Amino acid sequence: MLQKVRQQWKDLVEAQLAGYAKELVGDDDAVSSLPPLAVQTPPKPELGDIAFPLFSYAKALKAAPPKIAADIKARIEALSDRPAGQLLLAGPYLNVKIDVAALAADLSREIRSEGPSYGCNEAKRGMKVMVEFSCPNTNKPLHLGHMRNDSLGESVSAILRANGAEVRKVNLVNNRGVHICKSMLAYEKFGNGETPESSGLKGDHLVGKYYVRFAQWEKEDSTAVEQAQEMLKKWEEGEPAVIALWKKMNQWTLDGLAESYRKMGVSFDKYYYESDTYKLGKDEVLKGLEKGVFYREADGSVWIDLADIKLDKKVLLRKDGTSLYMTQDLGTAVARHEDWPFDSLIYVVASEQNYHFKVLFHVLGKLGYEWAKNLHHLSYGMVNLPEGKMKSREGTVVDADDLVDQLTSLAADEIRAKEREGEVGDVDATAHAIALGALNYYLLQVSPTKDMIFNPAESISFNGNTGPYLQYMGARISSMLRKFAEVETDYVSVPFDPALLALEDERELIKVLASYPEAVAKAGSDYDPSVITAYLYDVSRRFSKWYHDNQILKAGEPALVKARVELSSMVLQVLRNAFSLVGIPYLSTM
RNA sequence: GCGCUCGUAGCUCAGCUGGAUAGAGCGCCGGACUUCGAAUCCGUAGGUCGCAGGUUCGAAUCCUGCCGGGCGCACCA
């Protein structure tokens, strides 16, 4: 919306620059070789709303930028038909102060008619995008690292939907392998038939307990790992007792994970299990061999030479003909494309695997899959603690369930401390929503590629730049609108007059609201939820300052009340829309 | 050693497709509640944007080198 206004002015200035160049220099070459016009935002509101820096035209036009700015300004002002707004000179910049009242009028209409879909666009209309995330192991519960993954996966999926894509969220559960056998073995040896029911432990925590137990036992018995490998062999041979134990324990974990996901607001359209996919890919590799894009070593193993992307050689099939991680991922990608012919597939996986995905995508391209060029690895950095890395051996791993519970109980304490139980109604549900808002916002605030430090003390703070702060702004506006609703009948005949929103804070707020669609588009093309979190904070901060300094319901003049209420309700709609993209539950009271 | 990645205020982070005095939050210090919910708002202090070159009218932003942190470099996943 703001984009449109900007473009309008850009076209106009560009056209005038061309005309000006022709007059000044005289030939068409001078016109066609003009540098492109940059569009910027002035650093201070009093300098205008749109800025056109003219430095780069000095050479071509043989004139000083301030003079060019002045001349272009004069030319535009001489036009009879031009967009509403005012031109300002600021040295080498030609700035525009746009007609914010007109913008506000359009914005109000648009937000009212589009509601929850205000900000959405059609950029990816018709595109099928698969998003893979979470991918837990079935030998332990989720921890903080998974939470960053899940937050990103959910958020990116929502963002892509807002950009018009058809999204399918998928999970690939890692339910087989030696590490799974380790917890099985330890359970067999030390479990004494314990169950989630008998122990009172959540299934995934119970299984995790035996994974830890294995690590302990491994130190006492040097044959432990060997025994686990034997168990894996039996699993692969389908030995009934092993399969039965595997099924039982996997189910415990999966039930536990399902509960964690529910608690975290995470869901999937489809689950894939590695036990079904781990043998895939062999055919793909053999096809590649036929095509001559791979080669076979004397020992029978199959390789690809990655010299063309300046990497080493990589094994794709073992000498005994069995699959590897890479083989599996090749096969899984192909199988999924057959399942659901996506245009693009996004893997939300930690940056440790950058190399793996670089190779995977390249190999798929070599195999001739044209969709390979639309595969994307959404790589994210580690989550560390203030003391350093999380280490399972040192017991510093932050458990996902514990964290959510802890935050929920702190939020509940806060509600009680503020004596808001009555207004809030369901304290637990509200506290839980606050906990999720706090967590998702904290995790999504940081650019995905960067490692981040998770400071528990800071994450549980509900003040400052936090999820609850944003939720609070939403709740405040809702509260105010409820009050307004009681007297709304008095205002039905009062029209919304956007010209009354002339304060600087109001102008800025309107512009920010009008730029929301651009934030959604950028978040979508960059696969970056932090664009939305930053946007949310910007809107909230501006709103709270304005709201603090100015009265809304008590503004006096009915027309002014109406205008400010209208602005507030626009802010609320945008907040809610953006909340839904980053996993922050909206609360009408808190 | 090679590759990828990050290095901005005491701490946690924005800003990075080059542009006008580098921004927030936390913390510190100091203000604002008989007034639409103070989970709020305002103000002060705090930065050679890792270092050195280069490109440019202009560099936190682009290029090169160096230094420092992280990750990766298995016929493991």
Side-chain angles (χ1 to χ4, degrees), chain A residues 38 40 42-44 47 51 53-56 58-59 64-65 90-93 95 135 137 174 176-180 274 278 297 299-303 310-312 314-329 350-356 358 379 381-382 384 386 389 411 414-415 417-418 420 423 434 442 445-447 449-455 457-459 461-473 475-484 530-531 533-534 537-538 540-541 544-555 561 564-565 568 589-590:
Chain A
Q40 291 166 357
K44 284 188 157 186
L47 291 169
L54 300 171
F55 302 96
S56 53
K59 211 169 274 175
Y93 292 88
N95 293 355
C135 305
N137 290 325
N174 187 333
R176 63 159 293 280
V178 201
H179 52 302
I180 305 299
E274 221 177 280
Y278 80 105
E297 279 289 340
D299 65 2
S301 56
V302 179
W303 296 68
K310 290 178 181 162
L311 293 175
D312 217 344
K314 185 89 190 165
V315 198
L316 298 176
L317 212 54
R318 288 198 185 91
K319 62 183 169 197
D320 63 6
T322 56
S323 298
L324 287 108
Y325 177 42
M326 184 64 71
T327 329
Q328 253 182 74
D329 265 6
S351 59
E352 308 168 302
Q353 300 197 25
N354 284 353
Y355 175 79
H356 173 77
K358 201 174 197 175
S379 164
M382 306 268 119
N384 298 315
K389 295 188 64 159
E414 197 71 17
I415 292 169
K418 295 180 193 307
R420 298 211 36 95
E423 289 88 339
I434 292 169
Y442 194 92
Q445 239 182 329
V446 182
S447 304
T449 54
K450 292 194 178 180
D451 286 354
M452 67 179 287
I453 293 181
F454 183 89
N455 185 327
E458 197 177 291
S459 80
S461 160
F462 301 140
N463 304 322
N465 186 0
T466 65
Y469 167 78
L470 304 173
Q471 289 172 310
Y472 178 69
M473 284 309 138
R476 289 297 303 274
I477 299 174
S478 303
S479 164
M480 186 191 83
L481 293 179
R482 278 194 299 274
K483 285 208 165 65
F484 180 72
S530 73
V531 173
T533 54
Y537 184 65
D538 191 34
S540 297
R541 205 166 46 93
S544 46
K545 176 171 162 46
W546 171 68
Y547 180 69
H548 185 270
D549 294 348
N550 300 283
Q551 296 195 304
I552 316 294
L553 299 178
K554 297 175 182 172
V561 171
R564 289 182 174 174
V565 166
S568 303
T589 57
M590 63 185 280

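Residue numbers start from 1 in every chain, and the chains themselves are labelled A, B, ... in the order their sequence lines are given, proteins ahead of strands. Keep in mind that what you see is a predicted model, and the values were worked out from it rather than measured.
The A:Lys319 side chain lies nearest to B:rC75 when the options are B:rG19, B:rC75, B:rG37. Of all nucleotides listed (B:rU21, B:rA77, B:rU40), B:rU21 comes nearest to the side chain of A:Lys44. Of the candidate nucleotides B:rG37, B:rA24, B:rA20, B:rG37 has the atom nearest to the side chain of A:Met590. Relative to the side chain of A:Ala90, the nucleotides B:rC42, B:rA20, B:rG37 differ in distance, and B:rA20 lies closest. The side chain of A:Asn463 lies closest to B:rU40 when the candidates are B:rG19, B:rC13, B:rU40. Of the candidate nucleotides B:rC13, B:rC76, B:rG37, B:rG37 has the atom nearest to the side chain of A:Arg420. Looking at the side chain of A:Pro43, the nearest of the listed nucleotides B:rA20, B:rU40, B:rA14 is B:rA20. Of the candidate nucleotides B:rC57, B:rC42, B:rG70, B:rG70 has the atom nearest to the side chain of A:Met382. Nearest nucleotide to the side chain of A:Gln551, out of B:rC75, B:rU35, B:rG70: B:rU35. Counting only heavy atoms from C-beta on, A:Tyr547 has its side chain closest to B:rG37 among B:rG19, B:rG37, B:rG15.
Residue A:Pro42 is in base contact, counting any heavy-atom pair closer than 4.0 Å across all strands shown. Residue A:Glu274 is in sugar-phosphate contact alone, with no base atom involved, counting any heavy-atom pair closer than 4.0 Å across all strands shown.
Contact annotation: A:Lys59 reaches the phosphate of B:rC57 (side-chain N/O to OP1 or OP2, under 4.0 Å). Between B:rC41 and A:Tyr469, a contact under 4.0 Å exists linking OP1 or OP2 to a side-chain N or O. Here A:Lys483 reaches the OP1 or OP2 of B:rG37: one of its side-chain N or O atoms lies under 4.0 Å away. For the pair A:Lys450 and B:rA14, the criterion of a side-chain N or O lying under 4.0 Å from OP1 or OP2 is met. Taking only side-chain nitrogens and oxygens, A:Arg176 never comes nearer than 4.0 Å to OP1 or OP2 of B:rA77. Phosphate proximity of B:rA39 to A:Lys418: present, with a side-chain N or O under 4.0 Å from OP1 or OP2. In this model, the phosphate group of B:rC71 is not approached by any side-chain N or O of A:Asn354 to a distance below 4.0 Å at OP1 or OP2. The side chain of A:Ser530 places no N or O atom within less than 4.0 Å of a non-bridging phosphate oxygen (OP1 or OP2) of B:rA14. Within the structure, every side-chain polar atom (N or O) of A:Tyr355 is placed at least 4.0 Å from both OP1 and OP2 of B:rG72. Residue A:Ser544 places no side-chain N or O under 4.0 Å from the OP1 or OP2 atom of B:rU40. For A:Ser351, no side-chain nitrogen or oxygen approaches OP1 or OP2 of B:rC71 to under 4.0 Å.
Taking the six-membered ring for Trp and thresholds of 30 and 60 degrees, A:His356 and A:Tyr325 have nearly parallel ring planes, at less than 30 degrees apart.
For the P atom pair drawn from B:rC49 and B:rA59, the interatomic distance equals 12 Å after rounding to whole Å. A gap of 12 Å separates the C1' atoms of B:rG46 and B:rC29, to the nearest Å. Across B:rU8 and B:rA60, the matching C1' atoms stand 7 Å from one another, rounded to whole Å. Using C1' as the reference atom, B:rC16 and B:rC73 are 29 Å apart when rounded to the nearest Å. The gap from the C1' atom of B:rU64 to that of B:rC57 amounts to 23 Å, rounded to the nearest Å.
A:Asp329 has its CG atom 17 Å from the P atom of B:rA74, to the nearest Å. In this entry the distance linking OH of A:Tyr278 with P of B:rC76 reads 15 Å, nearest Å. Rounding to whole angstrom units, CG of residue A:Asn465 and C1' of B:rA24 are separated by 7 Å. Separating the CG atom of A:Asp320 from the P atom of B:rC76 is a distance of 9 Å, rounded to the nearest angstrom. Between A:Glu352 atom CD and B:rC73 atom C1' there is a gap of 14 Å when expressed in whole angstrom units. For the pair A:Tyr537 OH and B:rC13 C1', the interatomic distance rounds to 11 Å; values are reported in whole Å. Between A:His548 atom NE2 and B:rC33 atom P there is a gap of 10 Å when expressed in whole angstrom units. For A:Asp549 and B:rU35, the CG to C1' distance is 14 Å, given to the nearest whole Å.
Between A:Met326 and A:Lys314, the shortest heavy-atom distance links the atoms CE-CE, 4.1 Å. Contact between A:Ser351 and A:Gly381 at its shortest, heavy atoms only, is OG-CA, 4.0 Å. When all heavy atoms of A:Ala58 and A:Pro65 are compared, the pair lying nearest together is CB-CD, 3.9 Å. Smallest separation of non-hydrogen atoms from A:Ile434 and A:Ile415: CD1-CD1, 4.3 Å.
Checked against the 6.0 Å centroid threshold, A:Phe462 and A:Tyr472 do not count as a close aromatic pair.
Both tests hold for A:Arg176 against A:Tyr278: distance to the six-membered ring centre under 6.0 Å, angle to the ring axis within 45°.
Using modelled atom types, one finds no donor on one side chain facing an acceptor on the other under 3.5 Å when comparing A:Asn463 with A:Ser461.
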